[in-house]
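What follows is a short report on a single structure.
Counting starts at 1 for both ligands and their atoms, in listed order. Please read these numbers as outputs of a predicted model, since none were measured by experiment.
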Amino acid sequence: MHENPQLNEHGELTHLLSTEGLSREIITRILDTAATFVGITDREVKKVPLLRGKSVFNLFFENSTRTRTTFEIAAKRLSADVLNLDITRSSTAKGETLLDTIDNLCAMHADMFVVRHAESGAPYLIAEHLRRMGLHDIHVVNAGDGRHAHPTQGLLDMYTIRHFKQAFEHLTVAIVGDILHSRVARSDIHALKTLGVPEIRAIGPQTLLPRELARLGVKVCHDMAAGIRDCDVIIMLRLQNERMNGTLLPSAGEYFRVYGLTQEKLARARPDAIVMHPGPMNRGVEIASEVADGPQAVILDQVTFGIAVRMAVMSLLAGREQTSGVRDS
Ligand code: CP
C-alpha cells in the first residue's frame with residue numbers, strides 16, 4: 001500500500017478512506033464544494049449531471065439508515081446510476097470473498113464503491129486491490145469500517161460545525177461517550193485537529209476512552225460536568241454495544257445518570273453551544289429527549305448536510321473534470 005492510499009500520484013483525492021492524512025486544503029475544498037450543493041439539495045431543484053453515466057455501487061455489509069440513504073440520494077442528485085447490493089441475498093452469503101465480489105462488480109463497469117463493513121480496513125483492502133489491478137478510475141468511499149473510520153460522517157460534522165460556528169480556531173469541542181468503539185469519534189478528532197480546533201475534550205468512563213487520546217492531543221475527562229463547561233460544541237455518541245466484548249459499564253441507567261446529556265448538564269456549556277449526534281440515538285441512555293428535541297440540537301441538520309457533503313465527495317472523486325460546471329447547472 002502507498003504512503004497515502006487516498007491520493008493519486010498528483011496528490012488528488014482518488015479514494016476517501018479516512019479523515020486522517022487529509023490536508024486542511026482537501027477538507028476545506030470538500031466543505032466548500034458541499035456548500036455549493038446545499039441549495040440544490042432542495043427537492044424542487046433539478047439534478048446536476050456531474051456523474052451522468054457513472055455507476056455507484058452501495059455495498060453495505062452492516063446496517064445503516066442515514067449513511068446508505070443519503071449516499072443514494074446524493075448519487076441520484078448527481079445523475080449517477082445507483083445500485084444497492086442486497087448483501088444478504090448476494091453470493092457473499094454463499095462464501096464468495098469480498099474481492100471476488102468486487103472483481104465481478106468491476107466487470108459490470110462499476111465506477112465507485114461506497115463500502116460499509118464491520119471489519120476495520122475492508123475499504124482499504126478494496127482500494128489496494130483496485131490499485132494492484134490497475135483500475136485507477138474506480139473509486140472507494142469508506143462509509144464506516146469497524147471501529148476505525150467514518151470519514152463522510154466526520155466531514156458532515158465539520159460542515160455542521162462550520163455552518164453554525166463559522167470558524168474552528170476558537171472552539172472548544174467535547175466528544176462524550178463510547179469513544180473506544182467509535183469510528184465517528186476518530187474521524188471527527190482527526191478533522192478537528194487538521195482544521196485547527198485548539199481544545200478537544202473526550203468525556204466518558206475510563207473503560208470507554210482509548211489510551212491513544214493523549215497522543216492525538218485530546219484532553220481526557222471523566223467528570224461530565226467539568227468536561228462540558230464552556231464548550232461550544234458537544235458531540236454525543238451512542239454506546240456501541242455490538243462492538244463491546246463483555247461488560248464495560250454497570251448499567252444503561254447508571255451511564256445516563258453520570259454521562260447522559262440532560263438540560264441541567266447542558267447549562268454548563270456556552271449558552272449558544274450546539275449539540276450533535278451522528279445517530280442512531282438512544283434516548284434516555286446517552287441523551288435526554290428534552291435535549292435531543294431542544295433548540296440547541298442540530299442533529300437533523302447533520303443528516304441534511306450529509307447529502308451535500310456526500311455529493312461533494314463523490315463529485316470530487318469521479319466528476320473532477322466537470323466540477324467547474326456545478327454552479328451553472
Ligand atoms: N451516522 C451513521 O452512520 O448512521 P447510520 O448507521 O444510520 O448510517
Please tabulate, line by line, the atom pairs linking an N/O of ligand 1 to a protein N/O at a distance below 3.5 Å, with the distance in Å to 0.1, or answer 'none'.
from	atom 1	to	atom 2	distance (Å)
ligand 1	1 (N)	Q153	OE1	3.1
ligand 1	1 (N)	P278	O	2.8
ligand 1	1 (N)	G279	O	3.3
ligand 1	3 (O)	T67	OG1	2.9
ligand 1	3 (O)	R116	NH2	2.9
ligand 1	3 (O)	H150	NE2	2.9
ligand 1	4 (O)	R66	NE	3.1
ligand 1	6 (O)	R116	NH1	2.8
ligand 1	7 (O)	T65	N	2.8
ligand 1	7 (O)	R66	N	2.9
ligand 1	7 (O)	R66	NE	3.1
ligand 1	7 (O)	R66	NH2	3.0
ligand 1	8 (O)	S64	OG	2.6
ligand 1	8 (O)	T67	N	2.9
ligand 1	8 (O)	T67	OG1	2.6
ligand 1	8 (O)	R116	NH1	3.4
ligand 1	8 (O)	R116	NH2	3.3

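By the side-chain hydrogen bond (donor to acceptor under 3.5 Å, both in side chains) test, S91 pairs with no residue at all, sequence neighbours left out. Under the side-chain hydrogen bond (donor to acceptor under 3.5 Å, both in side chains) criterion, Q6 pairs with no residue at all, not counting sequence neighbours.
Between the side chains of E119 and H148, no donor-acceptor pair is found at a separation under 3.5 Å.
Ring geometry for H163 versus F305: interplanar angle of 30 to 60°, hence tilted.
For H15 and Y124, the ring centers are positioned 6.0 Å apart or more.
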Using distance only, find each side-chain donor-acceptor pair of residues 223-235 under 3.5 Å and give its atom names and separation, not counting sequence neighbours.
from	atom 1	to	atom 2	distance (Å)
D223	OD1	A225	N	3.0
D223	OD1	A226	N	3.4
D232	OD1	R270	NE	3.1
D232	OD2	T172	N	2.8

